[in-house]
Amino acid sequence: MNVPQVSAMHALPDGEAELSLVVRLPWEDVARLGQEAGRLASQMQRPVTLDEAVSHRLRSTRPAASHAKPAGEQPAAVTSSAAVTSLPRISGTA
């Protein structure tokens with residue numbers, strides 16, 4: 001699959017960074033992300049995108065870093081599917 005190259009990271013004015021990724025997910029994982037977006041939208045009383053749901057999930061499952069570690073101290077990379085599989089399973093028919 002040929003994926004166009006884009007700038008992967010942007011600094012935001014609020015001190016955060018925006019990282020652009022392309023991931024391939026099974027439809028079951030996309031459905032779980034949709035359910036997560038629905039739960040979040042219900043809490044926030046507004047529409048929520050899948051991007052927002054993923055960002056919220058990642059922030060709620062990982063402790064906030066107070067500072068960046070030197071490159072030699074970085075933990076092993078986690079695959080994108082590992083983050084998605086941490087979402088709750090859909091109960092009922094799917």
Side-chain angles (χ1 to χ4, degrees):
M1 182 166 110
N2 189 5
V3 178
Q5 297 295 318
V6 295
S7 178
M9 189 179 303
H10 302 281
L12 301 176
D14 60 2
E16 293 186 346
E18 182 176 276
L19 181 66
S20 299
L21 301 173
V22 174
V23 294
R24 294 179 62 177
L25 301 172
W27 283 111
E28 294 81 13
D29 292 339
V30 175
R32 282 192 287 279
L33 289 172
Q35 284 203 335
E36 180 72 13
R39 282 189 289 276
L40 190 56
S42 179
Q43 291 173 355
M44 300 177 84
Q45 298 297 306
R46 66 172 180 80
V48 173
T49 65
L50 290 181
D51 289 350
E52 286 180 282
V54 170
S55 293
H56 181 265
R57 179 53 115 182
L58 289 172
R59 289 178 184 186
S60 67
T61 59
R62 303 206 191 297
S66 60
H67 64 283
K69 294 181 181 179
E73 296 180 29
Q74 292 292 332
V78 176
T79 63
S80 60
S81 61
V84 173
T85 57
S86 68
L87 292 172
R89 295 285 177 192
I90 299 171
S91 57
T93 59

Checklist line | Donor-acceptor pair, side chain of Ser42 and main chain of Gly38, under 3.5 angstrom | finding: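 Checking the backbone N and O of Gly38 against the side chain of Ser42, no donor-acceptor pair under 3.5 Å is found.
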Margin query: Are Leu12 and Leu21 linked, directly or through intermediate hydrophobic residues, by side-chain heavy-atom contacts shorter than 4.5 Å (ILVMFWY only)?
Written below: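 The answer is no; the residues belong to distinct hydrophobic clusters.
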Next item on the list: Check whether Leu25 and Val54 end up in the same hydrophobic cluster, where Ile, Leu, Val, Met, Phe, Trp and Tyr are linked by side-chain heavy atoms less than 4.5 Å apart.
Entry: yes
Check: Roughly how far, to the nearest 0.5 Å, is the CD atom of Glu36 from the CZ atom of Arg39?
Finding: 5.0 Å
Note to self: Please report the interatomic distance CG(Leu40) to CZ(Arg46), rounded to the nearest 0.5 Å.
What the structure shows: 7.0 Å
Notebook entry, point to check: Do Leu58 and Ser55 come within less than 4.5 Å of each other through their side chains, counting heavy atoms only?
Noted result: no
Item checked: Check against side-chain contact (heavy atoms from CB on, under 4.5 Å), His56 and Met44 -> CA-CA 12 Å; His56 181 265; Met44 300 177 84; over 6 Å; no
